[in-house]
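Encoded as C-alpha cells, the structure appears first; notes follow it.
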Amino acid sequence: MKIRLANTAGFCMGVRRAVDMVLDLQRAEPPLPIVTYGPLIHNPQTLELLKERGITEVRSLDQVCGGTVVVRAHGISPQEREILMEKGVGVVDATCPRVARVQAVIRKHAAKGEFCVIVGDQDHPEVKGLLGFASAGGVAVPDSEATEILDAVPSDRDICIVAQTTQEVRTFDRVVEILRERCGEINVYNTICDSTRKRQSEVARLARQVETIIVVGGKGSGNTARLMKVAQGEGVPAIHVETDEEIGPTLLEGVESVGVTAGASTPNWMIRQVIDRLREIGMSRRTGPLAAVRKLADVAVMTYCWAALGAAGLTATCLVLQNRPVTWLPLGVAMLFVFSMHLLNRIQERSGAVRFNTPEIAAFYARHRSLLTTLAAVSCIMAVVLCSWMGRYSCLLLVAMIVTGGLYAVPLLSRFQVRWLKWKSLRDLPGSKTPLVAAGWAMAAAVLPAIGSGSQIVWSGLIVSFVFAAGMVFWRTALSDLLDIQGDRIVGRETIPILIGVKKTRKLLLGLLIFLASFLGVAGAAGWIPRVGLGLILSTAIFGVFFFVYRKRHLVDRLAVEALIDGNFVLAGLLCLVYG
Ligand code: SF4
C-alpha cells in the first residue's frame, strides 16, 4: 500500500509555540505550579504525561487558585483576562500571534461601533475569546446554512466580518456573500491563517492523488473536522482517527494508496503511529520472499545490526583515509562496539521518548528485552576479546569507551542525593547525546585501528578520518534528533534541536555537510589522504539528498530513513573495500 504524508500535517506554528512555552516554563528553577486554561493539545496520552510533569489543566477560571496560568494558542477574552488579573496569578500568554491579530481587528472595529461577525464555531475557545472583543455586539456564524443566526445580523449597522483562523475558505466566502447582499457597509477580513489555508489546499490536492484520506486529530478538533470536509468535497472517502488503534485490518480493504494528513494540534508521534499502523497493514498484505526480506530488514534496523554494518563501512573508509589496508579485525571490533552500545542504551531507555517517537521499536524492545540484553552483553565481551588482538592500548581504550557508553543513561549521582546538581547521568547533560555518539563511532572507526595497527601513526590521515567519521555520525544523529523533537521535548530530553532550535539545527546540518566535503577536498589536494579518499565527497552529497527528502517529507517510513542513512556508510565502506 502506498502511503503519502501531507507536508503540512501536524503542529502549526501557534500550537508548537504554546507547547514549547509550557515545557520551557516547566524547566524553570525553582519549578512553578503550572495550569493551562483548557487542554494544551488534543491528545489524552500527552496530557497525562504533562500532568506527571506537574502541568495540569483547568476547564473553568473558578478552578484557578494560584500558580501560573498558561493561556493557550486560542487566546482568551478581555473579560477572562481581567478575572485572572483579579485573582493575582501569574499569566503566561501563549496566544498565537495570528489569533492576536484577529483580536486586534475586532477591537478596532468594535471601538468604531461596528457589529462583528465571526465565521466560526460558537463553542470553539478561539471564537469565544474573539467574541469577548466585540464590545459593540457580535455573533458567531458556523456556516452559510445557519440562516437564523444570519438573519439576526443587523442590516442597518456597519459590519466587520472576520474568520476563525482555522475556518474553511469556502464557508467563509459563502457567509460573506450572503451578508454582502443583505447588509450595508461591510468590512471583510479574511483572517484564515496561512497554515490552515496551506493545510486545506494540500489535502485537496492529495485527495486527487489517492484512494482514501486519513485525517489524524482529536475528535473535538474543529480544524481536523474541516480537513475531513475538504477531502470529502473532492469526492474521496475520508476517515477521521484519533489514534492508530482505530485503524483495524479491514478498514482499508482493497485500498492501494492512502493519503495522511493531521490537524494543527496533532503531535508528530501520533501521525507516526498511524503511519506505522498503515505500514503494518501494507506489510501483512505482502507475501513471498520479498515480504520476508522486508521484515528481516526491519528487524536488522530496529536491533542496530544495520547500524553496526554501517560502523564497519565507516571503519573501512577511515582505514582508506589513513592509507592502511582494510582488514576484518578493526571492522569487527567497530561493529560489535556500535551494536552493543546502541542496544544497551535503547534497552535502558524503554520508558523515555522512544515510546512516542518510535512506538513500534519500543514494543519490539519490550517483547525481546532479555534476548536483546544478552546479545548486547555478549557483543561487548566479543568486542573486547577481538580488540585484545589489536594490542593492549586499543583494548584499554575500548574498555574505557564501553564503560562511558554503558553508563551513559545510568543515573549515577541520584543515590548520593546531589540535590544542587540537575544532571544525574551523562544523558541529562543538555545536547550530550549527539557529540558523544559521534565521538564513540569515530573513536571505534578511526582511532582504535590506528593505535592497534602496530605501525607508526600518520597524524594527518588519523585527524582527517576522525573528523570525517565524527562529522558524518554527528549529522546522522542530529537528523534523527530533528525527527524526534516533539517526543523528546515532552519527556524533557534536551537534544541539540531543542537547545538551539529547528532552524539553526537545519543550518548546522547543511553547514556540516559543506564543511566535510570541502575538508576532504582540501585534505586530498594537500596530499594528507590518498586520492581515493576524495570519492567520499559522494557520501556527503548523498546525505545532502536525504536532507532535501527529509524537508519535503517524502520519506514517511522511519525505519526506511534509518536504513538509508546507515546504508550510506555501508556503501562508502564497500566502495573503499573495492578501491582501497
Ligand atoms: Fe495560530 Fe494558525 Fe495555528 Fe491558529 S492555526 S494557532 S492561527 S498558526
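Read the numbers this way: they start at 1 and go in the same order the structure lists the ligands and their atoms. Nothing fancy with the numbering, it's 1 onward along the sequence.
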* **Pairs satisfying salt bridge (charged side-chain N to carboxylate O under 4.0 Å, His left out), at least one member in residues 159-176, at least two apart** => Glu168-Arg170, Glu168-Lys229

* Structure fact -> Listed as residue and atom, the protein N/O/S atoms under 2.8 Å from atom 1 (Fe) of ligand 1 are Cys96 SG

* Who passes salt bridge (charged side-chain N to carboxylate O under 4.0 Å, His left out) against Arg81, sequence neighbours left out? -> Asp93

* Exceeds 12 heavy-atom contacts within 6.0 angstrom, atom NZ of Lys503 -> no

* Asked: Going by distance alone, is a donor N or O of one side chain under 3.5 Å from an acceptor N or O of the other, for Thr165 and Glu126?
  -> yes

* Which bit of Thr196 is near ligand 1, meaning a heavy atom under 4.0 Å away: side chain, backbone, both or neither? -> side chain

* **ring-ring contact (aromatic ring centres under 6.0 Å, His included) against Phe115, all qualifying residues, sequence neighbours excluded** => none

* To do: Check step by step if side chain to side chain donor-acceptor pair (under 3.5 Å) holds for Glu80 and Ser77.
  => CA-CA 5 Å; Glu80 288 171 310; Ser77 66; 3.2 Å; yes

* Under 4.0 Å from a heavy atom of Thr166: give me the atoms of ligand 1 that qualify, with their elements. => 5 (S)

* Under 3.5 Å: donor-acceptor pair, side chain of Ser257, backbone of Glu211 -> yes

